[in-house]
Amino acid sequence: MALSKNFEHVSAESKWYQHWLDKQYFASKPDGREPYTVAIPPPNVTGVLHMGHCLNNTIQDILVRRARMQGKNACWVPGTDHASIATEAKVVHMLRERGIAKSSISRDEFLTYAWEWKEKYGGIILQQLKKMGCSLDWDRTSFTMDDHYYQSVIGVFNDLYSKGYIYRGKRMINWDVKAKTALSDEEVIFKDTQSKLYFLRYELADSPGQHITIATVRPETILGDTAICVHPDDERFKHLQGKFAYVPLINRKIPIIADEYVSMEFGTGALKITPAHDMNDYQLGQKHQLEVIDVLNDDGTMSEAAQLYVGVDRFETRKKIVVDLEASGNLVKTEEYPNQVGYSERTDVVVEPRLSLQWWVDMKKISGPALDAVVNDDIKFHPAKFKNLYRHWMENIKDWCISRQLWWGHRIPAWYDQQGNVFVARNESDALTLYRQKYPEGKKEDLRQDEDCLDTWFSSWLWPFEVFKGYSNPGNPDIKYYYPTQTLVTAPEIIFFWVARMVMAGFEYMNEKPFEQVYFTGIVRDKQGRKMSKSLGNSPDLLEMIDRFGADAVRFGIMISSPAGNDLLWDESTNEQGRNFSNKIWNALKLVKMWEERKPVTTTYSTQQAEKAYFAIHWFDARLRQVKAELDQSYEQFRLSEALMTVYTLIWDDFCSWYLEWVKPPYGEETIDEKVLNATKGFFDELMKLLHPYMPFITEEIYHHLSARAEGDDICIARLESAAMQDADAGILANGKLLQASITGIRDARNKAQLKPKESIVLYVQTEAPAAYEVIGDILARQVNASSIELTDSTIAQAIPAVAGKETFYLLSSTPIDMGSQKEELMKELEYLRGFLLSVEKKLGNEKFVQNAKAEVVDIEKKKKADAEMKIRMIEESLTTLN
RNA sequence: GGACUGUUAGCUCAGUUGGUUUAGAGCAUUACUUUGACAGAGUAGGGGCCACUGGUUCGAGUCCAGUACAGUCCACCA
C-alpha cells in the first residue's frame, strides 16, 4: 500500500466523522457504566462558529473523548439557545431590509418570520461543530424553545411566583432604546468615555438675579428636574435650604433640599435631581417624595413632558440645549470630564435608566444553597480564583429583572383583567379559571396576556436538567442517570449570567448541583491582546482555516496556546505547528509501514542479551508509563495544554527522534526483527490513543493504517488503559537519559571537530557506571558512528575529548583533525565548573548553612562539590591530550 | 474608587510546601546537514541581574511589605 506524501485531512475528516455517526459512537443510553455527562453551553441559535466556540468545544470534546476511551458512558448534549434579544434583532433587521417594520405587523406574524429564520439558520452552528470533530450525541439535540422546554420555563415561572419569589414592580431599570427593552444589570457594559461636565445656573425664586449653580453631564435631563440637593452641612448653601429655584428655559419652580448623599467636594456641591433618569436621583426622589417627570420616550427621543425638543433624539437634544442655555446665560462653563457610561451588551447603544414596571426574581430566596456549594467546593471551580468572584456576587446579589419587551422568547404567563388584577398561570384556560374564582361571570375576552417575554437566561438556567427533561418529566431514567453532569466548560464572562443561575436552579428544582466542576476557559485574543470581535475584524474564518489546515491542526493550534486559566493570545501560525505535527506523525507511519515490507525475523535471546538487544523497547515502554502518569495529573488539574505538550514531545522527541532512530534497521538490511516491529506498532497505537482526544481524525486514520482492524475496532472507542510505573523503570529511564546525553555530547564534539558523519570513530568512555554501557553501548555506537566502544581509565592521546554529564568520551579518528575549537569548548566548560565549584564551596564554608540546613541538603551540596571536582579533574586531563 | 490576578529568553508560558547543579519548555532565531520516513525535516547552538526597591532567612524566581506597569471583575460622585 502506497501512502500519500502528506496526511490528506480533507477526505479523512469527513470520512471518519461519518463513520463515527454511522456506528453511533456518540449516542449514549443509560447503562451500568459510570456516566460522564457534559451539557454544551448552547450557542445562539442563529450564531456562527467563532474562536471562542472553537476553544470551548475543543476542550469539551477532549474531556468527553478521553472519558469515553476510559470506558465511561460519555454523553455530550448539543443544543442551541433562542437568544431572545440577539435573534429578535436579526429578524427585525431582516424585515427592515425587506421593507417591513416590526410595528406594522402582529405578534403572530412576527413570530412566523422568526421561526422561519430559525429554521433556515438555526442548524448552521451545529453543522460547524461536526466539522470540528465534536463527539456530541446528536439524538439529544435540544433547543430552549422546544415544547417541553417551553413548558418547563413557564412552569418554573409559575412555581416561583406561587412561592412568592417572583413579583412585579415599578423600578429603575436599564433601558435599551434601540431594542426597546429592559436589560438586567449584567447586560450593561460600562465604557470609559470622555464626557463634558456642564455648569448650569438656576435662578433663585425669591432673589431674582441670584443663582445656584449645579454641574451635570446630561443637560438635556434638566427638563425633568424636580429638585436641587445640597449637603446639609454645606455652609455655602445653608441659607438656600428650603428655598426654590427655576429650571432654566422652562422656568419650573423646584425646591432646594438637603441630603447627605451629596458630596460637597464634587462639582459645585449642588446636585440637580432628576428622579426619572438616574438611579440615585430616583432613590433621593423617593426619600423626599419628589415629583417624577419622565422626559424621554422609549426610543430615546424627548417626550411631551419635556416641553421642549419633543421628538428630538436625546443626544441631538443635548447639543441643542447647550446652545440654548448659553444663549440664555445659564451656562457658566464646561469642563472635560472622563467618566463611565453604560452601553447595552447586545445593541451597543447608551443605556437609559428608566422607571418602568417589570417582573423580578427575588434572588436572595434561592441563592443560599448555590453559594454554599461553591464555597464548600461541592462544585469545584477551575481556576479556583473565580470562587471569590462568585461568592462576592452571590453575597451581594440583587433582584433579577426577567421581563424583556420582546416577542421572540417565552411569553410571560401572566394575564391581566380590566380591573388591573394579575393572574399567573400555566396557560390561558388556567388563568381564566383563576379569574372566574374572583369574577364568576368573567369572560375569556376580559383577559389580556402580558406582552413581554422572559430574559433568555431565565430559560437557559434550566439547561443542565431540562435537556434530560428533568423538570418536565421528573424522575425519568435519563435524568436519574446523567444528572448531575460532570463538567461545565464555559467562559468567565457568563459566570453571573449563567453559571450562578444554573446552580440556583439546580438546587431549587433537582435538589442537587447541576455539575461537579466548572472549567472556565480564557478569552481568545489576537496577537496584540485584543479581544476577538466582529467589529474589529480580527476574528478569523474558522471554517476556512479548517479547510486549509485540517480540524486536527486547528484544534492543536488553539489548545497548544491555551494555558490553563489564562487568556490566550492566539495566532494563526499555531495552525501550521499543528499541521507540521500531523505531517510528522504521518511520516513516522510511513517509516513503520516500510519496515513492515521487510522479511520478519524471530530472534530468541537470553534474558541478558534481550536487555541489550531490546533496550529501546524497554526504554520506550517505561517512558510511556511515566508519561501516562504525568497525563493523569495534568488532566486532573485541567492543564490541557500542558497535557498536549507532553504528548507532543513524547511523539516528536521520544518516539520519532530517539526511539525510531534507535530501532531503525541499518540501511540495506532486508529483514526486520519481528519483536521490534510489533512493539513499535503497539507503541504507535498507544501514542495515537493518547493523542486522540486532541486530534481525533488523524489518529483514527493512523490507527487503521497501522493494523488491519476488525469491524468496530476504532480508536474513537478504544480503551485507554492507565499505567503505573514499575520498579525497573527508574533504572531504564536513567540509562535512557545517559544514552541521550552521550549521543548529544558526542555528536556535538564531532560537529565541532568537523568530522563528517560518514567518518567512523573508535569511542573511548571514561565512566563511573561502566555497566550501563553493556546495555546502551550498541545503540550509542550506531548513533555516533563508532566502530567500537572501549572503556578506559585514562585519557587517550590524539583523540577528541567530549564531556557529557559525568562521562568523558574520547573520539579517536583516523583522519587528522583540528583540535582548536574543541579546546576552546573545554576551556569554557572548565570555567563554568570552576565558578560553580566556588559557589558550592562558599555555601559549604558557611557555618550557618551547615548548622541550619537539613542534612540531606548539605549532603547534596557535598555531592555537588565532589562531582564538580571530579569533572574539573577530567577536563584538565583531557586538555593535556590536546596540547 | 474597591477587589482579585499577573509581571521569568524575541513571543507564549512552566517552575508544585524556599535548598539535586549558575532557572526550563514550545515557537521564533543562528550555524551546519540535502537522494533512504519527514526541508512543512535533521543535528547542534545562542539567547534571561526571574518588573523595581526593601525585608525575613544560612539560603528567595519561590515568603513578606512597598513601588511601577498590565489585565479582569465589582461599584458609579451628578
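- Taking atom CD on A:E395 and atom P on B:C74, their separation rounds to 16 Å, with Å as the unit.
- Under the 6.0 Å cut-off for aromatic ring centres, A:F556 and A:Y694 do not qualify, their centroids lying 6.0 Å or more apart.
- Comparing the P positions of B:G45 and B:U7 gives a spacing of 30 Å, expressed to the nearest Å.
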B/S/- along nucleotides 27-33 of chain B (protein heavy atoms under 4.0 Å) is S------
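- In the set B:C73, B:U21, B:U72, the nucleotide with an atom closest to the side chain of A:K864 is B:U21.
- For A:Q740, there are no side chain to side chain donor-acceptor pair (under 3.5 Å) partners two or more places apart in sequence or in a different chain.
- Residues passing the side-chain contact (heavy atoms from CB on, under 4.5 Å) test with A:E661, sequence neighbours excluded: A:K664, A:Q783.
- Under the rule for a side-chain contact (heavy atoms from CB on, under 4.5 Å), the partners of A:M394 that lie at least two apart in sequence or sit in another chain are A:S367, A:A370, A:L371, A:Y390, A:I397, A:A500, A:M504.
- A search for side-chain contact (heavy atoms from CB on, under 4.5 Å) contacts involving A:V217 returns A:S195, A:L197, A:Y337, A:N339, not counting sequence neighbours.
- When distances run from any side-chain atom of A:F836 to the nucleotides B:C76, B:U22, B:G45, the shortest one goes to B:U22.
- A salt bridge links A:K196 to A:E336: at least one charged side-chain nitrogen sits closer than 4.0 Å to a carboxylate oxygen.
- In the region residues 217-228 of chain A, proximity to RNA chain B at under 4.0 angstrom, judged on heavy atoms, holds for A:V217.
- The separation of B:U16 from B:U62, taken at their P atoms, amounts to 11 Å, rounded to a whole angstrom.
- Not counting sequence neighbours, the partners of A:K287 by the salt bridge (charged side-chain N to carboxylate O under 4.0 Å, His left out) test are A:D259.
- Residues passing the ring-ring contact (aromatic ring centres under 6.0 Å, His included) test with A:F809: none are found, sequence neighbours excluded.
- For B:G45, its base never sits under 3.5 Å from the side chain of A:D748 at any donor and acceptor pair.
- Taking atom P on both nucleotides, B:G61 is separated from B:G18 by 13 Å, rounded to a whole Å.
- Of all the residues in residues 846-860 of chain A, A:N846, A:K848, A:F849, A:N852, A:A853, A:V857, A:I860 reach under 4.0 Å from RNA chain B with at least one non-hydrogen atom.
- Nucleotides B:C74 and B:U17 are separated by 33 Å at their C1' atoms, to the nearest Å.
- Paired regions of RNA chain B, where each region holds three or more successive Watson-Crick or G-U pairs whose two hydrogen-bonding distances fall under 3.5 Å, are B:1-7 with B:68-74, B:10-13 with B:24-27, B:29-33 with B:41-45, B:51-55 with B:63-67.
- At a threshold of 4.0 angstrom between heavy atoms, the contacts of A:K664 include nucleobase atoms, whether or not backbone atoms are also involved.
- Straight-line distance between the C1' atoms of B:U20 and B:U35: roughly 46 Å, to the nearest whole Å.
- In this view, A:Y282 and A:M172, A:Q286, A:L355 satisfy the side-chain contact (heavy atoms from CB on, under 4.5 Å) rule, not counting sequence neighbours.
- Across B:U12 and B:A75, the matching C1' atoms stand 34 Å from one another, rounded to whole Å.
- No more than 12 heavy atoms of other residues, nucleotides or ligands sit less than 6.0 Å from atom CD of A:E636.
- Nucleotides B:C64 and B:G19 are separated by 15 Å at their P atoms, to the nearest Å.
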Identify the pairs formed between an N or O of the protein and an N or O of nucleotides 1-10 of chain B at a distance under 3.5 Å, and give each distance.
none

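- Stacking of A:K843 on the aromatic ring of A:F849 is recorded, both the 6.0 Å distance cut-off and the 45° axial limit being met.
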